[in-house]
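Below is one structure, written out as structure tokens; comments come after it.
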2 protein chains.
Amino acid sequence: MLTDRQLLILRAIVDDYIKTAQPVGSRTLSKRDDVTFSSATIRNEMADLEEMGLIEKPHTSAGRVPSESGYRFYVDHLIQPGTLTARETRALRSLFAHSANENDRLIKHTADLLGELTHYTALVLGPKQEQHRLHHLELIPLADGKVVIVLVTETGHVEHKTLTLPEALSKEATDRLMERLNHTLQGTPLSLLGKRIAEEMQRYRSEHSEQTALLSNALEIVLSDQRRESPSIYLGGKAYMFDQPEFQDVAKLRPVLELIEKQEALLDFMTPELDNQILITIGSENNVDALKDCSVIRAHYSVDGVSLGTLAVIGPKRMDYNRGINSIIHLLQAFQTELRKNGLD
Amino acid sequence: MLTDRQLLILRAIVDDYIKTAQPVGSRTLSKRDDVTFSSATIRNEMADLEEMGLIEKPHTSAGRVPSESGYRFYVDHLIQPGTLTARETRALRSLFAHSANENDRLIKHTADLLGELTHYTALVLGPKQEQHRLHHLELIPLADGKVVIVLVTETGHVEHKTLTLPEALSKEATDRLMERLNHTLQGTPLSLLGKRIAEEMQRYRSEHSEQTALLSNALEIVLSDQRRESPSIYLGGKAYMFDQPEFQDVAKLRPVLELIEKQEALLDFMTPELDNQILITIGSENNVDALKDCSVIRAHYSVDGVSLGTLAVIGPKRMDYNRGINSIIHLLQAFQTELRKNGLD
DNA sequence: TGTTAGCACTCATGTTTATTGAGTGCTAAT
DNA sequence: ATTAGCACTCAATAAACATGAGTGCTAACA
């Protein structure tokens with residue numbers, strides 16, 4: 001167990017290092033107002049903290065730097081909540097005021113805002129569409145046997161596909177088919193849509209003419225394909241990565257930026273098993289090599305108890321956890337409110 | 001006017017520098033197979049070329065490096081066409097084979113492909129939607145007075161907006177309105193849609209009940225807004241930027257990557273006055289500070305004589321112009337063919 | 001007269017050597 | 001238990017030097 005003084009020193013080291021990115025030495029610390037004891041005492045305590053694995057020195061004659069365990073301890077025990085400044089709260093409110101009632105834009109907006117609040121790169125994982133329920137299917141014929149099929153969910157989410165049919169179809173036949181599909185499938189979650197539509201089509205084909213077989217086939221393929229589309233990830237504040245001193249080296253910067261652009265890779269990362277709390281992972285805890293020098297703060301957002309997606313902030317291990325956590329908490333609130341207002345998507 | 005020997009030397013310098021990124025000296029050159037004269041002679045010629053402003057030296061005792069004018073001359077006079085390797089052509093064909101018949105994907109795909117071919121970052125400016133003509137409007141009511149309006153163009157392009165109406169509307173009223181709108185507005189270019197719809201609505205409102213005034217108002221706002229959406233830009237091969245030795249310094253890399261993410265900034269850049277040729281701009285010729293160390297190759301693509309958008313490759317001034325130009329030419333062909341097949345978008 | 005060998009000169013780059021100073025650990029005195 | 005004091009370490013910076021790739025110029029050559 002750590003003594004109060006050790007806690008004070010550890011917190012001071014982490015705080016200082018977060019601010020300056022420079023190893024912090026005993027003399028520097030001894031000059032702080034809240035430190036009443038001498039640098040020699042600090043050195044002794046530091047030696048102990050180092051033995052416990054909470055801090056380390058880059059080399060013999062350098063100051064101390066928090067180790068990963070040090071950050072972990074800091075995050076778990078030493079962070080004092082703190083709040084957003086009035087200005088930030090105002091910014092948050094006014095910025096949301098402008099946001100459209102389309103959820104796509106709202107999400108993009110949220111990502112930007114989170115970046116701006118934290119000065120780190122922000123990620124927002126959009127809601128999985130599998131849970132959405134079908135509201136309406138519309139089939140719109142174009143020239144040349146091409147057909148646009150539009151799918152609207154109960155939440156107002158719209159998807160569309162274009163397909164080309166080898167033969168023209170009679171309007172009556174398609175109308176009949178669509179009416180039937182809409183009738184039978186309304187309310188089906190997108191995740192089941194593929195299967196349901198296959199069943200329905202089989203029944204339909206046995207009852208009806210060969211002509212619509214073509215269409216039904218195409219529909220089946222197209223709509224079951226929808227299901228596979230993974231939710232998208234929105235980025236905000238990408239440029240903040242450039243500001244971090246630890247990423248001034250392109251070799252360090254590159255893997256992070258590359259990972260961030262890779263939707264697939266991020267997907268795993270953004271859908272962690274996660275109690276309804278905020279999850280902070282530090283360096284190697286991320287289990288992703290590209291993020292071994294980064295820390296990530298994640299939180300799920302939900303509406304009416306249904307978890308929909310994830311907010312995340314990504315920065316160097318020497319991240320301002322306080323600010324990150326606070327920003328994400330506040331934004332989470334505002335964002336969820338906004339989402340609920342829009343009708344959940 | 002340059003002598004043949006000077007041309008040979010200039011070309012050799014540029015070629016060499018493109019390959020190695022190292023200043024090239026007279027001795028190195030004299031060892032090439034196609035050089036029959038001595039390093040001293042080369043030095044004399046180099047002095048002349050330098051006097052003409054075609055090459056320069058980073059410092060007194062370094063080799064020579066092409067100046068911007070040097071690249072310009074090289075591009076204008078010294079490039080020999082060359083072709084893609086068989087493997088590349090095959091890759092190109094097979095990759096397009098997989099591409100969906102949605103133009104969005106086709107374009108994204110093209111951007112990736114262009115990046116892969118050139119090993120530079122590629123940009124594709126999507127077609128302006130202003131020229132598209134309206135094919136169909138569909139209005140789909142959701143719960144809570146929310147309404148999704150879906151717009152389909154003759155080319156199969158789909159846009160949608162969600163709006164919230166303060167009062168519920170009768171099905172008949174909306175059906176009547178939509179039928180009329182579809183009838184009147186079909187074939188209207190999106191660029192004119194805002195105006196047309198305003199006119200039409202005015203007429204309509206005078207004829208019909210107050211109730212639909214709400215809807216028509218909303219529609220007017222929503223649809224005229226569409227017009228403002230600028231065409232999007234697709235990126236491919238972003239990561240190749242990291243490979244360039246000239247961008248190993250974050251300070252150099254940053255402005256370029258930042259610019260590339262900025263849709264608005266790129267828009268100007270991607271819509272240049274451009275004869276139907278390929279346009280190459282080198283360094284300061286780009287008139288964009290962030291690109292002062294870059295060269296850009298651009299080409300418009302068109303279908304049936306209508307210019308639709310732009311392909312571009314962006315790399316260091318020391319870019320492999322040959323490869324860039326060839327790739328863009330071949331891809332341009334393939335892409336346009338594919339687009340025509342899809343029906344122009 | 002154009003070409004080339006030769007040579008002095010330049011200057012980025014790399015290596016070695018000192019110098020400095022921020023930091024530590026340990027010990028002895030308080 | 002705390003702290004002053006001191007010897008020690010080592011990154012960082014600077015200065016001194018060597019190296020070598022490159023140049024420009026001149027004089028000899030074909």
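So you know, we letter chains A, B, ... as the sequences are listed, proteins then strands, and number each from 1. Since the structure is predicted, the reported quantities are computational estimates derived from the model, not experimental observations.
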Query raised in the report: How is A:Arg27 classified with respect to the nucleic acid when contacts are heavy atoms under 4.0 Å: base, sugar-phosphate, or nothing?
Result: nothing

Report task. Pick out which of B:Ser26, B:Ser30, B:Ser38 makes a side-chain hydrogen bond (donor to acceptor under 3.5 Å, both in side chains) with B:Arg43. Result -> B:Ser26

Query raised in the report: B:His59 or B:Phe37: which one's nearest nucleotide on DNA chain C is closer to the 5' end?
Result: B:Phe37

Report task. Check whether NZ of the Lys or CZ of the Arg B:Arg11 lies under 6.0 Å from the centre of the six-membered ring of B:Tyr74 and within 45 degrees of that ring's axis. Result -> no

Query raised in the report: Step by step, would you call A:Ser295 with A:Tyr321 a side chain to side chain donor-acceptor pair (under 3.5 Å)?
Result: CA-CA 9 Å; A:Ser295 281; A:Tyr321 293 95; 2.7 Å; yes

Query raised in the report: Contact class for A:Ala40 (heavy atom, under 4.0 Å): base, sugar-phosphate, or nothing?
Result: base

**Report entry** Spacing of B:Lys57 atom NZ relative to C:dC11 atom C1', expressed in whole Å
**Finding:** 11 Å

Query raised in the report: Which is true for B:Thr41 with a 4.0 Å heavy-atom rule: it touches a base, it touches only sugar-phosphate, or it touches nothing?
Result: base

Query - Check against salt bridge (Lys or Arg N to Asp or Glu O under 4.0 Å), B:Asp48 and B:Arg5 - result: CA-CA 12 Å; B:Asp48 291 351; B:Arg5 195 165 64 190; over 6 Å; no

Report task. Using the closest heavy atom to pick a nucleotide of DNA chain C for each, name whichever of B:Ser61 or B:Ser38 lands nearer the 5' end. Result -> B:Ser38

Query raised in the report: Between A:Arg318, A:Lys292, A:Lys317, which is the residue that forms a salt bridge (Lys or Arg N to Asp or Glu O under 4.0 Å) with A:Glu68?
Result: A:Lys317

**Report entry** Euclidean distance, atom CE of residue A:Met46 to atom P of C:dA22 [Å, nearest integer]
**Finding:** 15 Å

**Report entry** Student check: side-chain heavy atoms of B:Arg298 and B:Leu311 closer than 4.5 Å
**Finding:** no

Requested in this report: With heavy atoms under 4.0 Å as the rule, sort B:Thr28 into base, sugar-phosphate or nothing.
Outcome: sugar-phosphate

**Report entry** C:dC11 phosphate, OP1 or OP2, under 4.0 Å from B:Thr60 side-chain N/O
**Finding:** yes

Requested in this report: Name the first nucleotide and the last nucleotide along DNA chain D (5' to 3') that come under 4.0 Å of a heavy atom in chain A.
Outcome: D:dT2 to D:dA11

